[in-house]
Participant: 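Before anything else, here's the structure in question.
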Amino acid sequence: MSDEEKEPRHPGTGARLGLGGALSGLLAGFAALAVAELVAAAVRPQAGPVVAVGGAAIDRTPIAVKDWAIRNFGTNDKLILQLGILAVLALFALALGVFALRHRRTGAAGVLVFGAVGAAAATSRPDSTSVTDALPSVLGAIVGAALLYVLVGRLLAPLPDAPEAPEAPGAAPRGPGEGWDRRGFVIAATATAAASAGAGVLGRVLNGSSGQEAVASRKNIDLPPPDSRAPAVPRGARVRAADVSPFITPNGDFYRVDTALVVPKVDATAWRLRIHGEGVTREKTLTFDDLLRRELIERDITLTCVSNEVGGPYVGNARWIGVRFDDLLKECGVRPPSAGGPADQLVARSVDGMTIGSPVEEVMDGRDAMLAVGMNGRPLPFDHGFPVRMLVPGLYGYVSACKWIEDIELTTFDAYDSYWVKRDWAREAPIKTQSGIDTPKPFARPKAGTVMVAGVAWAQHRGIDKIEVRVDDGPWQGATLAAEDSRDTWRQWSYAWQAAKGGHTLTVRATDRTGEVQTEKRTRTVPDGASGWHSVVVTVE
């Protein structure tokens with residue numbers, strides 16, 4: 001190590017030099033991320049360091065923390081995660097910049113830690129197929145390290161030769177940091193910031209356009225009329241009450257819970273689905289057009305996320321179009337365990353590496369399990385699995401609703417644990433009977449008199465038989481059920497409450513078609529879904 005490496009020209013950085021070093025580190029980190037973003041556009045968006053590290057963080061985050069994030073941030077949890085990663089990187093870059101004032105080469109080399117972490121995360125992702133995924137992080141870190149070395153060099157460089165005025169007798173000697181080349185540093189810093197911003201913007205634009213083939217393929221899809229249409233929604237399926245969830249959830253309002261920081265954009269013309277594994281006597285590889293040429297069914301099905309707390313928002317109802325899943329499996333020679341089939345688990349794999357394990361018995365028991373291609377009359381949105389996703393009514397999404405599906409393997413639960421099972425969620429997860437109050441809202445202040453209490457209840461593939469409402473600790477009162485569309489959809493309900501002034505607690509519970517009454521026992525979402533009665537507190541004026 002040279003003397004220059006051990007000690008900078010100016011002993012002690014001083015406040016202004018310290019700020020300059022911190023700014024140098026921040027600019028170098030910004031440049032590293034901007035270059036990585038630009039290179040990721042040439043490799044694939046998922047190889048960018050923030051996305052790759054974020055995905056790795058999601059995989060390794062304890063279930064309790066994930067549950068807390070979804071509960072508190074909802075569908076913004078991914079944005080919060082990425083902002084957190086950027087904040088940590090910024091602090092690390094600031095510290096490196098200050099450190100580099102004393103140890104210039106070591107500090108600059110420290111930027112390469114960015115690259116090492118990002119490269120390791122990118123190449124270890126389940127959807128990574130090439131070492132080229134490491135390139136964005138590596139090249140970005142190299143550029144960042146070089147820039148930090150240059151910027152700190154400008155801070156430590158002496159002023160250009162110029163006649164110096166003699167110091168006055170008795171004047172204090174020149175303090176630390178008073179002789180650095182401010183002009184040279186400002187020019188270098190400004191150039192770095194401008195170039196980095198340009199690279200970042202260009203990378204964003206290119207990454208945004210990387211899925212244009214997929215966008216075009218979706219735009220060109222004309223879904224054929226389904227061979228088996230869904231019955232018209234009964235006129236009485238909607239209650240007359242404000243603020244109740246619409247019976248059919250618009251695509252833009254449908255909840256989204258998954259681990260993808262970058263939504264996969266898959267070209268339908270290039271998409272393929274392979275079906276293979278134990279008990280498959282005739283393997284199949286299907287194209288999107290193959291599916292459209294098959295018999296299509298249209299069904300109203302309510303989906304629920306296992307992360308949905310009691311009274312939570314992660315439930316929605318849509319009209320889906322797809323291919324019957326059991327027919328497809330039977331053509332491949334698959335038999336359910338009850339008929340002697342060797343496989344009891346169907347593992348669906350997504351293009352982003354996600355694995356979803358579904359019970360073969362339920363997929364093939366005659367319910368309207370499907371490979372969906374359409375949602376509310378249009379091709380699936382990218383957020384919801386375009387071009388093809390799985391749906392199995394009556395099972396929570398984490399064991400039934402693989403999005404962006406590309407592979408189906410028949411195996412056993414003993415032989416393979418899917419993504420969520422490895423993280424302590426239950427292997428099999430039938431949806432629990434649930435109900436919620438949509439109106440009045442918590443802490444509402446309705447006027448005394450008749451107050452309409454209303455909401456939705458669901459017990460997919462069993463159906464809702466009865467809804468009861470309780471005011472404070474009074475007796476349970478029967479609510480009015482809206483007409484049922486099908487046992488696979490939620491059901492709206494209403495109750496005309498004669499409200500007296502004061503504070504009150506409203507509670508709802510449901511009974512499904514099997515006679516099971518929704519349990520009062522409160523449980524959290526792990527391992528197989530939340531349970532308990534939903535209540536709201538209001539003040540009647």
Side-chain angles (χ1 to χ4, degrees), residues 26-55 75-87 89-90 93 111 114-115 117-119 121-123 125 127-147 189-221 251-252 256 258-271 351-352 379-387 403-404:
L26 197 61
L27 287 172
F30 176 41
L33 290 178
V35 170
E37 182 87 8
L38 183 58
V39 177
V43 178
R44 63 188 191 103
Q46 292 83 353
V50 174
V51 173
V53 171
T75 54
N76 292 319
D77 59 334
K78 299 175 184 64
L79 174 62
I80 297 298
L81 172 62
Q82 293 182 79
L83 290 176
I85 292 172
L86 290 174
L89 291 177
V111 180
F114 283 103
V117 173
T123 55
R125 301 299 300 140
D127 57 337
S128 177
T129 59
S130 170
V131 294
T132 57
D133 282 350
L135 285 177
S137 296
V138 170
L139 294 179
I142 291 173
V143 171
L147 284 172
T190 302
T192 297
S196 300
V201 169
L202 180 59
R204 283 283 178 179
V205 171
L206 292 176
N207 276 323
S209 63
S210 63
Q212 290 306 306
E213 296 86 357
V215 173
S217 72
R218 183 178 181 274
K219 185 177 180 180
N220 292 331
I221 290 172
N251 289 358
R256 177 197 164 202
D258 53 54
T259 63
L261 291 178
V262 175
V263 174
K265 289 187 176 179
V266 182
D267 183 351
T269 62
W271 176 84
V351 299
D352 69 345
L380 292 173
F382 287 107
D383 282 356
H384 296 290
F386 179 84
K403 296 189 285 190
W404 314 295

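Excluded from the calculations below are hydrogen atoms, water molecules and symmetry mates; all remaining heavy atoms, backbone and side chain alike, are included.
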Participant: Verify whether one side chain among Ser128 and Asp133 offers a donor that lies under 3.5 Å from an acceptor in the other.
Facilitator: yes
Participant: Please give me the minimum heavy-atom distance between Gly55 and Leu261, naming the atom from each residue.
Facilitator: N-CD1, 3.5 Å
Participant: Is there a donor-acceptor contact under 3.5 Å from the side chain of Trp271 to the main chain of Trp404?
Facilitator: no
Participant: Report the C-alpha distance between Lys78 and Asp258 in whole Å, list the side-chain angles of each, state the deciding distance to 0.1 Å, and finish with yes or no for salt bridge (charged side-chain N to carboxylate O under 4.0 Å, His left out).
Facilitator: CA-CA 9 Å; Lys78 299 175 184 64; Asp258 53 54; 3.7 Å; yes
Participant: Looking at every non-hydrogen atom in both residues, tell me the closest pair between Pro264 and Val351 and how far apart they are.
Facilitator: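 Smallest heavy-atom distance, with atoms named: CB-CG2, 3.6 Å.
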Participant: Between Val266 and Pro387, what is the shortest heavy-atom contact and its length?
Facilitator: CB-CD, 3.7 Å
Participant: What is the minimum heavy-atom distance between Val262 and Pro45, and which atoms define it?
Facilitator: CG1-CB, 4.2 Å
Participant: Please check: side-chain N/O of Lys403 versus main-chain N/O of Asp383, any donor-acceptor pairing under 3.5 Å?
Facilitator: yes
Participant: To the nearest 0.5 Å, what is the distance between NZ on Lys265 and CD on Gln212?
Facilitator: 7.0 Å
Participant: Of all heavy-atom pairs between Leu38 and Ala199, which one has the smallest distance, and what is that distance?
Facilitator: CB-O, 4.0 Å
Participant: Using a 3.5 Å distance criterion without hydrogens, assess whether the side chain of Arg218 forms a donor-acceptor pair with backbone atoms of Phe382.
Facilitator: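 Flag not set: sc Arg218 to bb Phe382 has no pair under 3.5 Å.
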Participant: Which heavy-atom pair separates Gly29 from Ala93 by the least distance, and what is that distance?
Facilitator: CA-CB, 4.4 Å
